[in-house]
Amino acid sequence: MSAKYNPKKIEEKWQEKWYNSGAFKAKNGSKKKKFYLLVEFPYPSGDGLHVGHCRSYTALDVVARKRRMQGYNVLYPMGWDAFGLPTENYAIKKGVHPSIVTKKNTDNFRRQMKSLGWSFDWSREINTTDPKYYKWTQWIFIQLFKNGLAYKDKIAINWCSSCKIGLANEEVIDGKCERCGTKVEKREKEQWMIKITNYADRLIKDLDQVDYLEKIKTQQKDWIGESHGALLRFKVEGIEETLDVFTTRIDTIFSGTFLILAPGHAFIDKYKNKIENIDEVLKYREEVKNSSDIDRTNQDKDITGVQLKGITVRNPATNEEMPVWTADFVLEQYGTGAVFADAHDKRDFKMAKKYSIPLRTSIKPDDEALAQKVKNSEECFEGEGTLYNSMQFDGLKSIEARPQIILWLASKGFAQPKVSYKLRDWVFSRQHYWGEPIPMIYCKKCALMGGSPQAGWRPVEEKDLPVKLPNVKKYVPTDTGESPLSAIKKWVEIKCPECGGLAQRETDTMPNWAGSNWYYLRYTDPKNGKKLADESIVKYWMPVDWYNGGMEHTTLHLLYSRFIFKFLWDIKAVPATVGAEPYKKRTSHGMVLGEGGIKMSKSKGNVINPDTIVKQYGADTLRLYEMFMGPFEQMIPWDTKGVVGCRRFIEKVYNLATNKITAEKTDEGLKKILHKTIKKISEDIELMKFNTSVSSMMEFINAWQVSEKGLDKKDSSYFLIILSPFAPHLAEELWETAELKGMCSQQKWPKFDEKLIEEKNILLIVQINGKVRDKIEAKSGISQKEAEKLVMASDKIKAFLGEAEVKKIIFVPNKLINIVI
RNA sequence: GCCCGAGUGGUGGAAUGGUAUACACGAAGGACUUAAAAUCCUUUGAUCGAAAGGUCAUGCGGGUUCGAAUCCCGCCUCGGGCACCA
């Protein structure tokens, strides 16, 4: 009897061997085919690694290990996305500098990661808070500025009064702060903005080039929100002025009876003296401003609005005079901040009814009963139909009418085709200490010289990068919405790089998405001091072949980083040959929930710490369980009892491999199952069907256990190799025990024997009217005639058939025969 | 409201047009043990039956097919995303 399975001893031993020998080092420019695998680098929180990280990291580790054995030069790197609020908050609470907290947390994460045996290339570890790293994050910002994609603007931002920070739209969930759940307020602030909207079309179009899960593509497309329509021009009566409106339903223009402006529309400011009831209008605007987005977009709420008295416009199609209103459901940020209103829009319809604004209909639905109600303006019809009341377009279908009406109005100078997006520019300023300083300088003197809003803003010169975070005692955020950096006069005051006069540094810092925008590039050349990464090395490694991460980043990190990559590609910081997409393939893992299916959280006390599982069961068990627990993309509740099953499997393997290896040849039957298992696992890993990979191994060892002689040395080595991506420590240990050459992790991935898998005999399923009535053993490749003969000879079948007439016989080769009576 | 995804034993799940319930957990019984744990063996969808065996079952209702968990239509429930987007 051999020694008892001792995971702690085995795992520490092999981790040491792997990491000390550089077994997982990726080689730049190797002649081997490259394979770049990426998992989202974690935010190193004080809580340590989450079992959710383990799911994603183990899955791609399985792929990485397999690829290496298939002869690829694999890059599987890891680093730390370490800027961010929780660290800052913790640092404030404990009175320690965030960099010290970060160091402590990353050390802990690294220890935990190594204890799981993931095959990361630790020589390429990066940290977004390292000045050598964020030098290039700042450099990218400067390039954005130089290319007109970064600008400062006074906008109403989402303000979290608890975190004391401005939030991007993506960080606001249900009108609440994503992190702390506090209701988000509106605040006017000067903010750095990034023109991601310039890339909206490409961010959608280029999705065709990549292999992302369909739901990821859909979600990004929906978020960007492309809609095709027309820009319509309305002449304002009595003034030399026009109002532009974006519409996707130009086919309804003949029913347009009024125009609605967003309360913040610039027209109102420009023509204050022309609006007879300007006080009322401005009062309405104030009310709207003070209500939060969530109130404003509450659809159950009654529709409100105010007419701009004294202002009318002409409908470009009917030439009729239309009143102009303002209402809060019209948004400043979308389209042109103005809509033409008609009977074929529910909100417009509701508003017209409420304020007795005349309505006219021009679209006839197919349903006749409904058509009558619509015609009488008793019901609002929003769908597509047939046009009437529409002059020469009468009788056309909506879809046919739209291009024709655009052409017609365009010829009169009133319309042009237009694409509109929901995506908004990216608010890039944060009023916090623990982030990358925005490398900009404001010079009042220079500002007076130039007329543009950006006048006076100068980027820090490249030779002066990085702009390091000053080491300060106080980094508590302020209530005034100013960054804590603004209190450090010595740091803020600086010479203007343009005129040499006294200027001031930007005191806002970047959002925590800044560092992760380009980290996949840095991994290729992590120590480069001259560039963000050397072009030839980038050319070798990029694009990332397979990127796995959480669905929650689909409209955040994933979108941002695609945008930034495109930008870097455009300015040729990335070689043209790489292409304009950073990630070839993107997949997503389901969340690991707490036991009982609720989200793991500290407050619920249901958090599973990987350390505990490793200590109690071993890393291989944890890895195996995370792969076995269920389909990879699916959300799944943690079940510690399920872990036990995986540990049992590992012990069985351990015992079998130490006791049941035969000096003779492997049993025929077992050999066949082995090759089937090799096939199954080779295919399943590629399809991310890790759960069935594991179950097929379980089936195999169950067969091994009941086999007469067991496996011979060669065959057992094959099994150890296919086991090794999942349970690498165990495989390595058993490899050594069996006195096989080299390390298991450096072997060649086995090929299965096609011939061996072929079945000589099959179990022919015999159905009568689609119901299974018998199972007959038959030779593989049996013909229909032979099969029929065989079936008719069966007593069972005879009994079922009786006197009935056989109408038809369906034969599926090597599978089934169905007799229809 | 709109757009995705999912619904299968006591539980996690397998099977994507051809043997439904693989694999694992749990449970019950047994072996070993003074005992327990561990391990091993047996049973384990429901139902009728002494058994052989039958019948029913993949959220619900219909359809296509020799044959449907799988494809189509309608509905219900749950999860996710978007949401006065003109």
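Please read these numbers as outputs of a predicted model, since none were measured by experiment. Only this structure's heavy atoms are used, side chains among them; waters, hydrogens and symmetry mates stay out.
Comparing U55(B), A24(B), C3(B) against the side chain of Thr218(A) picks out C3(B) as the nearest. Of the candidate nucleotides U55(B), C84(B), G18(B), G18(B) has the atom lying nearest to any side-chain atom of Ile810(A). Relative to the side chain of Glu699(A), the nucleotides C85(B), A22(B), C84(B) differ in distance, and A22(B) lies closest. Relative to the side chain of Gln219(A), the nucleotides A86(B), G81(B), C3(B) differ in distance, and G81(B) lies closest.
Asn818(A) comes within contact range of at least one nucleobase, with a heavy-atom separation under 4.0 Å. The residue Ser696(A) sits apart from the nucleic acid: no heavy atom pair falls under 4.0 Å. The residue Lys771(A) sits close only to the backbone: its heavy atoms come under 4.0 Å of sugar-phosphate atoms, none of a base. Nucleic acid contact class of Val812(A) (heavy atoms, under 4.0 Å, all strands): base. When heavy atoms are screened at a 4.0 angstrom cut-off, Lys641(A) is found touching the sugar-phosphate backbone but no base atom. At a threshold of 4.0 angstrom between heavy atoms, the contacts of Val820(A) are confined to the sugar-phosphate backbone, with no base atom among them. Here Arg647(A) lies out of heavy-atom contact (under 4.0 Å) with every strand. Counting non-hydrogen atoms under 4.0 angstrom, Phe811(A) reaches nothing in the nucleic acid.
Contact annotation: Arg347(A) side-chain N/O to C85(B) OP1/OP2 distance is under 4.0 Å. Here Asn814(A) does not reach the OP1 or OP2 of G18(B): none of its side-chain N or O atoms lies under 4.0 Å away. Checking the phosphate oxygens (OP1, OP2) of U65(B), no side-chain nitrogen or oxygen of Lys808(A) falls inside 4.0 Å.
Atoms CD1 (Ile817(A)) and P (U19(B)) sit 15 Å apart, rounded to a whole Å. One atom, NZ of Lys350(A), and another, P of G1(B), lie 13 Å apart when rounded to the nearest Å. Separating the OH atom of Tyr625(A) from the P atom of A24(B) is a distance of 15 Å, rounded to the nearest angstrom. Taking atom CD1 on Ile303(A) and atom P on C84(B), their separation rounds to 12 Å, with Å as the unit. Across the protein-nucleic acid pair, Asn769(A) atom CG and A68(B) atom C1' stand 16 Å apart, rounded to whole Å. Atom-to-atom, CD of Gln767(A) to P of G18(B) comes out at 11 Å; the value is rounded to the nearest Å. Spacing between atom OH of Tyr617(A) and atom C1' of C25(B) amounts to 12 Å, rounded to whole angstrom units. Rounding to whole angstrom units, CD1 of residue Ile768(A) and P of C66(B) are separated by 17 Å.
For the C1' atoms, the distance from G12(B) to A6(B) is 15 Å, rounded to whole Å. Nucleotides A35(B) and A27(B) place their C1' atoms 22 Å apart, quoted to the nearest Å. Annotation: U47(B) and G9(B) have their P atoms spaced 15 Å apart (nearest Å). The separation of G61(B) from U11(B), taken at their C1' atoms, amounts to 29 Å, rounded to a whole angstrom. The P atoms of C56(B) and G7(B) are separated by 24 Å, rounded to the nearest whole Å. C78(B) and G62(B) are spaced 23 Å apart, taking the C1' atom of each and rounding to whole Å. A38(B) and C32(B): their C1' atoms are spaced 11 Å apart (whole Å).
Rounding to the nearest 0.5 Å places CG of Asn691(A) at 8.0 Å from CG of Asp684(A). Atom CE of Met591(A) and atom NE2 of His589(A) lie 9.0 Å apart (nearest 0.5 Å). Remark: Ile260(A) CD1 to Leu243(A) CG distance equals 12.5 Å, nearest 0.5 Å. Note that the NZ atom of Lys652(A) and the CG atom of Asn702(A) stand 5.0 Å from one another [nearest 0.5 Å]. Between the CE atom of Met697(A) and the CZ atom of Phe628(A) there is a distance of 10.0 Å, given to the nearest 0.5 Å. Residue Ile650(A) holds its CD1 atom at 6.0 Å from CG of Leu730(A), rounded to the nearest 0.5 Å.
In this structure a side-chain-to-backbone donor-acceptor pair under 3.5 Å is present from Asn606(A) to Ser601(A).
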What string of B, S and - do you get for nucleotides 5-16 of chain B, 5' to 3', if B is base contact, S is sugar-phosphate-only contact and - is no contact with any protein heavy atom under 4.0 Å? -------BSSS-
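The residues Asp251(A) and Arg402(A) are annotated as salt-bridged, a charged nitrogen and a carboxylate oxygen being separated by less than 4.0 angstrom. Between Arg55(A) and Glu40(A) there is no salt bridge, since no side-chain N of the basic residue sits under 4.0 Å from a carboxylate O of the acidic one. The pair Lys641(A)-Glu595(A) does not meet the salt-bridge criterion, since no charged nitrogen lies less than 4.0 angstrom from a carboxylate oxygen.
If you check the side chains of Thr336(A) and Asp244(A), you find no donor sitting under 3.5 Å from an acceptor.
By the rule that a glycosidic angle within 90° of 0 means syn, G9(B) counts as syn.
Both distances falling under 3.5 Å, in either a Watson-Crick or a G-U wobble arrangement, place U55(B) opposite A46(B). Across the strands present, U77(B) finds its partner in A6(B); the criterion is a Watson-Crick or G-U wobble pair with both atom distances under 3.5 angstrom. As the counterpart of C32(B), no nucleotide is assigned, since no Watson-Crick or G-U wobble pattern has both distances under 3.5 Å. Under the Watson-Crick and G-U wobble criteria, each requiring two contacts below 3.5 Å, nucleotide U11(B) is paired to A24(B). Base pairing of C84(B) is not made with any nucleotide, judged by Watson-Crick or G-U wobble geometry with both donor-acceptor distances under 3.5 Å. Across all strands shown, G18(B) forms a Watson-Crick or G-U wobble pair with C66(B), both key distances being under 3.5 Å.
Crowding of Leu687(A) atom CG: a count of heavy atoms from other residues, nucleotides or ligands under 6.0 Å exceeding 12.
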Show each protein N/O and nucleotides 36-42 of chain B N/O combination with a separation under 3.5 Å, one pair to a line.
unit_1, atom_1, unit_2, atom_2, d
U39(B), OP1, Arg648(A), NE, 3.4

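Both Ile765(A) and Phe800(A) lie near RNA chain B, and the one whose nearest nucleotide falls closer to the 5' end is Ile765(A).
Contact check for Leu423(A) versus Leu559(A): side-chain heavy atoms found under the 4.5 Å cut-off.
For C82(B), its base never sits under 3.5 Å from the side chain of Asp222(A) at any donor and acceptor pair.
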